[in-house]
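Encoded as structure tokens, the structure appears first; notes follow it.
Start at 1 with the first residue, then count along the sequence. Only this structure's heavy atoms are used, side chains among them; waters, hydrogens and symmetry mates stay out. From a predicted model like this one, the values you see are computed outputs, not experimental measurements. Just so you know, ligand 1 is whichever comes first in the structure, and atom 1 is the first atom listed for that ligand.
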Amino acid sequence: MVFYRGRGNLARMAALNANDLNLPKGIQSSRELPDPELGAIWDSIIIDEAVKSQLLSQAVLNFTVRAKVQRSVLPLHGVIFLVGSPGTGKTSLARGLAHRTAESFKNAKFRLLEVEPHMLTSSAMGKTQRAVSELFSQAIAEAALMGPTIVLLDEVETLAADRSKMSLEANPIDIHRATDAVLVQLDVLAEQHHHLLFVATSNFPQAVDTAFTSRCDLVVEIPLPNKEACGRILKDCLTGLAKTYPPISKLLSSPKFDHCVNECVGLDGRAIRKLVANALASSPQTAMKPEHVTIEDLLAAARAAKVVRNKGGK
Ligand SMILES: Nc1ncnc2c1ncn2[C@@H]1O[C@H](COP(=O)(O)OP(=O)(O)OP(=O)(O)O)[C@@H](O)[C@H]1O
Ligand SMILES: [Mg+2]
């Protein structure tokens with residue numbers, strides 16, 4: 001069961017008890033693990049298997065070793081950091097990793113908390129620091145006392161901004177203190193809670209404080225998909241659509257499919273999935289009957305996406 005702040009439909013809300021509705025400030029959602037929905041997300045991300053294996057191994061190690069080995073021997077903080085361009089699958093991998101980690105420990109009840117950093121940042125002086133401290137020292141620490149906990153810190157540059165690069169705009173002292181608070185709290189939690197893992201993401205790693213990065217047990221760069229991966233993402237997307245619109249599967253065997261894949265090279269996974277949607281919307285008629293989409297529609301959408309990407313890169 002997943003509890004969302006401010007998003008649930010009425011039936012779901014009615015099924016929850018008052019405590020669950022009352023998620024602490026800064027926590028966007030809380031869900032029990034394992035959760036097959038997140039397993040499907042993990043499977044949907046097409047990336048070198050070695051990357052997935054490295055992530056899973058590090059996450060599992062976090063829950064096997066930290067309670068048994070002194071920090072003076074292995075100074076683990078319980079933080080995995082995923083960096084990379086927008087749309088490369090970092091958040092999806094982080095959520096999927098939470099599921100796969102929980103699944104690796106039979107009979108253990110894990111929980112995934114997702115932090116929404118923008119809920120914590122406040123223009124009022126000192127409030128961000130207080131909100132950050134409370135989130136870590138109360139909400140996250142309490143969850144860790146209840147059982148193994150994985151915390152997704154998406155867009156961590158918002159919370160752990162590089163203190164050396166702050167300008168005088170945008171209340172820098174407050175943000176400076178918020179970064180200090182994150183670092184202090186990570187140290188405290190690392191000492192006190194061994195069954196806790198943070199998975200942080202950022203597409204601005206250069207904006208993240210180096211003291212935060214230094215505390216990470218593993219930093220992994222999630223790359224843009226290579227040609228083979230682009231082909232698999234496109235295929236996965238079309239195969240998924242063909243479950244609803246069977247004629248779409250014909251596109252996969254078209255001689256022009258490979259041209260489409262070539263046009264996808266340089267795009268991120270999100271852009272590839274979106275260009276398929278653009279192809280389905282190539283005309284009002286196709287939008288009405290998506291099974292009529294042609295390989296030319298797909299090729300045109302891929303070329304258009306590439307043009308947009310190239311312009312954005314200049
Ligand atoms: N390597 C990939 N394989 C398959 N799908 C992908 C891949 N990368 C991204 N996607 C798809 O793109 C969408 C966005 O992914 P996600 O939100 O995880 O990216 P992100 O790296 O967190 O982006 P951002 O940095 O903008 O937050 C998802 O629907 C995901 O399935
Ligand atoms: Mg993301």
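At the shortest separation from atom 18 (O) of ligand 1 among protein heavy atoms lies Ser92 OG, 2.6 Å. Atom 19 (O) of ligand 1 has Gly89 N, 3.1 Å as its closest protein atom, hydrogens excluded (heavy atom only). The protein atom (non-hydrogen) at minimum distance from atom 31 (O) of ligand 1 is Arg273 NE, 3.5 Å. Shortest contact from atom 21 (O) of ligand 1 to any protein heavy atom: Lys90 NZ, 2.7 Å. For atom 26 (O) of ligand 1, the nearest protein heavy atom (residue, atom name, distance) is Arg270 NH1, 3.0 Å.
For ligand 1, the polar-atom distance check finds no N/O of Leu93 at less than 3.5 Å from any of the ligand's N/O atoms.
A salt bridge links Arg163 to Asp180: at least one charged side-chain nitrogen sits closer than 4.0 Å to a carboxylate oxygen. The existence of a salt bridge linking Lys90 and Asp154 is excluded, since no basic side-chain nitrogen approaches an acidic carboxylate oxygen closer than 4.0 Å.
Crowding of Lys52 atom NZ: a count of heavy atoms from other residues, nucleotides or ligands under 6.0 Å exceeding 12. The 12-atom threshold is exceeded at CD of Gln206, counting heavy atoms of other residues, nucleotides or ligands nearer than 6.0 Å. Counting non-hydrogen atoms of neighbouring residues, nucleotides and ligands closer than 6.0 angstrom, the NZ atom of Lys274 reaches no more than 12 such neighbours.
For the residue pair Leu251 and Thr294, the shortest heavy atom distance occurs at CD2-C, 3.8 Å. Of all the heavy atoms in Ile272 and Leu267, the pair that sits closest is CG1-CB, 4.0 Å.
Less than 4.0 angstrom separates some heavy atom of Ser44 from each of these atoms of ligand 1: 3 (N), 4 (C), 5 (N). Against a heavy-atom cut-off of under 4.0 Å, Ile46 is close to the following atoms of ligand 1: 1 (N), 2 (C), 3 (N), 4 (C). In summary, the atoms of ligand 1 found under 4.0 Å from a heavy atom of Ile233, numbered by their order in the structure, are 1 (N), 2 (C), 3 (N), 4 (C).
Ring geometry for Phe110 against Phe63 counts as perpendicular: the plane angle is over 60°, on a 0 to 90° scale with 30° as the lower cut.
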(message) What verdict does the side chain to side chain donor-acceptor pair (under 3.5 Å) test give for Asp187 and His77, after you've listed the backbone C-alpha separation in whole Å, the side-chain angles of each residue and the deciding distance to 0.1 Å?
(response) CA-CA 7 Å; Asp187 287 342; His77 269 86; 2.7 Å; yes
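Using a 4.0 Å cutoff on heavy atoms, Gly87 counts as a contact of ligand 1. Heavy-atom distances between Ile45 and ligand 1 reach below 4.0 Å in at least one pair. Not a single heavy atom of Ile47 sits under 4.0 Å from any atom of ligand 1.
The Mg ion (ligand 2) lies at 2.8 Å or more from every N, O or S atom belonging to Ser92.
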